[in-house]
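The structure under discussion appears below in the form of structure tokens.
All heavy atoms count here, side chains included; hydrogens, waters and symmetry mates do not. Sequence lines set the chain letters: A, B, ... in the order given, protein chains first and strands last, and positions in each chain run from 1.
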2 protein chains.
Amino acid sequence: MIGMTHAHTAMERSRLVAEAERLCAERGESLTPLRRRVLELLIEQPGPAKAYDLLAALGSEAGPAKPPTIYRALEFLMRLGLAHRIESLNAFVACDVGACARSTIFLICDNCGRAEEFDAGHALVDLGEAAAKDGFEIRRTMIEATGLCADCRKAA
Amino acid sequence: MIGMTHAHTAMERSRLVAEAERLCAERGESLTPLRRRVLELLIEQPGPAKAYDLLAALGSEAGPAKPPTIYRALEFLMRLGLAHRIESLNAFVACDVGACARSTIFLICDNCGRAEEFDAGHALVDLGEAAAKDGFEIRRTMIEATGLCADCRKAA
DNA sequence: ACGTTACACGTTACAAGATAACATTTCAGC
DNA sequence: GCTGAAATGTTATCTTGTAACGTGTAACGT
Ligand SMILES: [Zn+2]
Ligand SMILES: [Zn+2]
Ligand SMILES: [Zn+2]
Ligand SMILES: [Zn+2]
């Protein structure tokens with residue numbers, strides 16, 4: 001179900017979309033109406049969105065859109081770093097910090113289901129160095145931590 | 001396809017299984033023939049194994065086993081930390097370092113597909129501290145990094 | 001203007017991954 | 001032997017993701 005609450009203010013939302021426009025222009029890619037609509041849907045979500053829920057939300061009177069529609073749009077957005085896939089949830093989120101192409105860190109609340117995109121400072125560097133000692137060259141790192149968010153901790 | 005090569009020597013394999021026996025005894029859980037067989041299958045794999053490939057490998061003349069069979073065994077093994085799920089691959093591996101229940105780090109080679117379980121030292125601690133500053137209490141962390149393993153780097 | 005190419009998007013069909021619900025077996029403890 | 005809990009078997013279904021091919025459209029060189 002695609003909810004009514006919003007994770008971002010209207011101002012933040014338009015900032016994110018404007019930022020996406022700028023990035024696409026810079027890269028010579030086009031943020032078509034469909035892609036833009038999917039990005040907006042993602043931004044409006046209070047938390048990670050499932051592909052088939054997005055499909056339903058995209059749909060018209062003619063019924064929900066077909067799977068390739070949404071997966072292609074998501075692939076595009078992810079290629080530019082405008083959206084991320086949360087592997088442990090099979091769900092997608094709009095990038096909250098500005099087009100991370102290589103590595104992402106999410107803190108996922110077990111209680112409310114929200115996913116907070118996070119900048120871990122040195123954690124990534126340390127991991128890269130540790131892996132290098134082992135001969136492994138990291139290209140991309142995905143970190144998904146689960147636990148309790150600040151709000152849910154207060155509530156409990 | 002479940003291959004013929006082995007990621008572990010026979011000695012390592014029996015050590016891992018013996019370790020699993022010990023852990024189950026300690027926890028009052030039982031490593032039934034089925035669960036043990038699935039663990040052995042995982043250990044024999046050269047890399048992450050897909051659930052349906054394990055099913056086929058489990059199968060008898062009566063055809064492949066049914067999905068719940070393998071998913072239940074995997075759930076058990078994962079609950080004890082004897083197996084891990086690699087989210088970005090929808091695949092499973094035997095634990096290589098001894099029953100990690102809370103957090104795992106994998107280095108996944110884009111070229112050969114192998115997944116190396118890894119101990120990242122301070123990376124996890126740093127992440128936990130950084131998240132705590134944000135009010136988030138981490139319970140479990142999953143890290144999946146992709147890149148080139150030492151072998152594939154040499155080959156290239 | 002015309003064909004060509006590249007790209008986005010539509011549509012159908014299917015593959016792959018996972019679980020719900022209920023039946024059956026097994027075996028320890030009474 | 002009976003009973004209850006845990007493990008396993010079985011059927012059906014659900015969710016998630018892709019392959020393959022067709023259609024529309026705009027830019028490009030001729
Ligand atoms: Zn991001
Ligand atoms: Zn929460
Ligand atoms: Zn482990
Ligand atoms: Zn490799």
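- Leu74(A) places its CG atom 12 Å from the C1' atom of dT16(D), with the value rounded to the nearest Å.
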With the sugar-phosphate defined as primed atoms, P, OP1 and OP2, and the base as all remaining atoms, what B/S/- string results for nucleotides 14-30 of chain C, 5' to 3', for protein heavy atoms under 4.0 Å?
---BBBB----------
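- Per the geometry, CZ belonging to Arg35(A) stands 11 Å off P belonging to dC7(C), to the nearest Å.
- The phosphate of dA6(D) (OP1 or OP2) has no side-chain N or O of Ser30(B) nearer than 4.0 angstrom.
- Taking atom CZ of Arg37(B) as the reference point, atom P of dA7(D) lies 19 Å away to the nearest angstrom.
- Separation of atoms CG (Leu34(A)) and CD1 (Ile70(A)) is listed at 7.0 Å; rounding is to 0.5 Å.
- To the nearest angstrom, P of dC9(C) lies 12 Å from CD of Glu75(A).
- Atom-to-atom distance recorded for Leu80(B):CG and Cys95(B):SG is 11.0 Å, nearest 0.5 angstrom.
- Other residues, nucleotides and ligands place more than 12 heavy atoms under 6.0 Å from the CZ atom of Arg79(B).
- We find that CD1 of Ile70(A) is positioned 12 Å from P of dG17(D), with the value rounded to whole Å.
- In this structure, dT30(D) and dA1(C) make a Watson-Crick or G-U wobble pair, each of the two defining distances being under 3.5 angstrom.
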Would you please test Arg36(B) and Glu40(B) for salt bridge (Lys or Arg N to Asp or Glu O under 4.0 Å) and show each step?
CA-CA 6 Å; Arg36(B) 183 191 176 112; Glu40(B) 287 170 347; 3.3 Å; yes
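- Checking the phosphate oxygens (OP1, OP2) of dA8(C), no side-chain nitrogen or oxygen of Thr32(A) falls inside 4.0 Å.
- Protein atom CG of Leu34(A) is 17 Å distant from nucleotide atom P of dG24(D), rounded to whole Å.
- When the P atom of dA6(D) is taken as reference, atom CG of Leu80(B) falls 15 Å away, rounded to whole Å.
- Note that OG1 of Thr104(B) and CZ of Arg85(B) are 11.5 Å apart. Values are rounded to the nearest 0.5 Å.
- The CZ atom of Phe92(B) sits 11.5 Å away from atom CG of Asp53(B), with the distance rounded to the nearest 0.5 Å.
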